[in-house]
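From a predicted model like this one, the values you see are computed outputs, not experimental measurements. First the proteins, then the strands, lettered A, B, ... as listed; each starts at 1. Note: hydrogens, waters and symmetry copies are ignored here, and every other heavy atom, side chains too, is used.
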2 protein chains.
Amino acid sequence: MRRLSHYLRALEGFDRNGGGTVSSEELASKGHTTAAQVRKDLSHFGSFGKRGLGYGVSELVDRLRAILGVDRAWRVVLVGAGRIGSALFEYPDFKARGYDCVAVLDSDPHKIGAKWGNTTIRDTAELEAVVVREQIDLVVLAVPAVAAQEVTDRAVRAGIKGILNFAPVRLKVPAQVPVEDVNLVMELEALSFRITRGGASE
Amino acid sequence: MRRLSHYLRALEGFDRNGGGTVSSEELASKGHTTAAQVRKDLSHFGSFGKRGLGYGVSELVDRLRAILGVDRAWRVVLVGAGRIGSALFEYPDFKARGYDCVAVLDSDPHKIGAKWGNTTIRDTAELEAVVVREQIDLVVLAVPAVAAQEVTDRAVRAGIKGILNFAPVRLKVPAQVPVEDVNLVMELEALSFRITRGGASE
DNA sequence: CTACATTTGTGAAGAATTTCACAAGCAGCC
DNA sequence: GGCTGCTTGTGAAATTCTTCACAAATGTAG
């Protein structure tokens with residue numbers, strides 16, 4: 001459920017403002033749904049929250065963190081040191097959420113050896129070694145479409161746990177390895193689609 | 001429907017390989033769905049495709065382009081010339097799909113006046129003027145979260161048609177103005193969520 | 001201790017989406 | 001023309017997701 005992330009984001013706003021508890025109503029007005037939806041979503045994972053009061057903010061934050069798996073550190077390797085890779089590497093919320101980009105790889109000889117902060121860009125050929133030695137959990141794929149499947153196959157064989165894919169291709173992976181796709185062009189197309197039909201339906 | 005974009009992407013692969021027609025079966029195997037789904041989706045927009053044969057590739061491409069609104073040029077202004085903005089500006093598929101980034105704005109005096117290719121970065125203060133004078137359709141928002149709502153309000157007042165938002169906030173907009181959100185942290189959370197529960201359900 | 005004002009958790013109704021199943025249409029071949 | 005082999009378009013069934021409505025729980029005030 002993608003909405004859980006939204007709840008977590010909204011809760012952090014509340015937390016800073018000192019409040020001790022939130023009602024499902026308040027959470028819904030932020031977020032983008034109804035109170036009933038919020039309750040259904042949360043109840044699906046157990047039943048915290050006190051009747052008559054609402055949910056304890058800090059308790060709920062902890063629960064959501066655990067559910068989303070943000071209560072631990074994830075070790076990430078970035079493959080592809082192009083523009084997108086660079087932007088991701090610098091993304092501040094990245095590390096703040098426990099996603100640690102411990103290595104950067106690229107296959108361009110001009111880039112290998114360069115340093116980003118104090119991380120040295122290494123050869124993509126070292127992928128398997130890096131995954132194993134650095135105990136990598138996640139791969140962020142920011143390579144051209146043609147290279148994406150090959151890197152994926154190798155990462156999967158090396159025992160990666162999940163992939164965030166920026167290449168505009170549908171990756172073939174075994175069912176145990178989750179993939180999340182980010183496709184900027186598709187977002188723009190969704191936008192122009194909604195503009196051309198009068199679709200005011202977000 | 002987000003799947004239409006996938007069909008279009010898949011079709012372009014077929015087109016190059018010379019084939020004259022595709023069946024819903026073939027489209028489904030690429031893409032990520034079933035043949036029945038493909039047919040339902042397409043029939044919703046009219047009934048092209050010949051029984052017994054399948055869909056004419058080039059005809060279907062044209063139809064999908066029209067439905068998604070990619071058969072025209074969209075004039076885009078990029079607000080926020082940071083890492084993400086830079087990555088988007090350079091993104092090659094961008095222009096290839098008819099999304100023309102005709103202006104770049106930023107509020108940092110150090111960046112204003114700099115040139116990216118032959119586009120000069122201008123002051124965000126000029127937003128309204130740029131939107132009107134350059135006949136902008138879409139805003140790509142790549143500014144920090146705190147600035148996002150203000151830029152949005154001004155863009156909306158200036159008559160923008162849609163927003164692609166990279167800031168991690170829920171923008172408030174009138175119902176006629178569609179917004180698409182891209183939130184990298186949420187994608188990573190979705191990934192770790194699916195890893196921690198055995199959720200092999202893409 | 002009892003009445004009251006809240007707000008959760010949840011079964012049941014309702015809506016939307018996906019899958020199934022099959023009649024109808026088209027091309028090729030005899 | 002009349003089969004035959006495919007493939008679309010689509011009503012109906014099945015499934016999933018959302019909303020509704022209300023009993024059960026909890027703190028408060030009298």
Original post:
Please walk me through it: do R65(A) and E12(A) pass salt bridge (charged side-chain N to carboxylate O under 4.0 Å, His left out)?
Top reply: CA-CA 11 Å; R65(A) 284 231 176 85; E12(A) 279 158 6; 3.4 Å; yes

Original post:
For R63(B) and dT8(D), what is the distance between atoms CZ and C1' respectively, to the nearest whole Å?
Top reply: 15 Å

Subject >> Separation of dC6(D) P from L27(B) CG (nearest whole Å) >> reply: 19 Å

**OP:** Using atom CD of Q37(A) as one end and atom P of dT16(D) as the other, report the distance to the nearest whole Å.
**Re:** 16 Å

**OP:** Look up atom OH in Y99(B) and atom CH2 in W74(B), then write down how far apart they are to the nearest 0.5 Å.
**Re:** 7.0 Å

**OP:** Report the C-alpha separation of L127(B) and L105(B) in whole Å, then their side-chain angles, then the decisive distance to 0.1 Å, and conclude whether the side-chain contact (heavy atoms from CB on, under 4.5 Å) test is met.
**Re:** CA-CA 7 Å; L127(B) 176 62; L105(B) 307 179; 3.7 Å; yes

Subject >> Whole angstrom value for the distance that separates P of dT18(D) from CZ of R39(A) >> reply: 15 Å

**OP:** Starting from the 5' end of DNA chain D, give me the residue, S43(B) or M1(A), whose nearest nucleotide shows up first.
**Re:** S43(B)

Subject >> Full working for salt bridge (charged side-chain N to carboxylate O under 4.0 Å, His left out) between R122(A) and E134(A) >> reply: CA-CA 13 Å; R122(A) 285 191 266 173; E134(A) 304 271 11; 3.4 Å; yes

Subject >> Within 6.0 angstrom of E126(B) CD, more than 12 heavy atoms from elsewhere >> reply: yes

**OP:** Provide the start and end nucleotides, 5' to 3', of the part of DNA chain C that has atoms under 4.0 Å from heavy atoms of chain B.
**Re:** dT18(C) to dA27(C)

**OP:** Could you go through the salt bridge (charged side-chain N to carboxylate O under 4.0 Å, His left out) check for R2(B) and D181(A) one step at a time?
**Re:** CA-CA 12 Å; R2(B) 190 73 113 256; D181(A) 288 295; over 6 Å; no

Subject >> Nearest-nucleotide comparison on DNA chain C, the residue closer to the 5′ end among K50(A) and K40(A) >> reply: K50(A)

Original post:
Picking from dA24(D), dG9(D), dG27(D), which would you name as closest to the side chain of L53(A)?
Top reply: dG27(D)

Original post:
Of all the choices, dT26(D), dT18(D), dG9(D), which nucleotide is nearest to the side chain of Y55(B) once you look at every atom?
Top reply: dG9(D)

Original post:
Which is true for S24(A) with a 4.0 Å heavy-atom rule: it touches a base, it touches only sugar-phosphate, or it touches nothing?
Top reply: sugar-phosphate

Subject >> Distance, rounded to the nearest Å, where R51(A) contributes CZ and dC22(D) contributes P >> reply: 16 Å

Subject >> Y7(A): which of L60(A), T33(A), V61(A), V22(A) passes side chain to side chain contact (heavy atoms under 4.5 Å, CB included) >> reply: T33(A)

Subject >> Euclidean distance, atom CD of residue E26(B) to atom P of dC6(D) [Å, nearest integer] >> reply: 13 Å

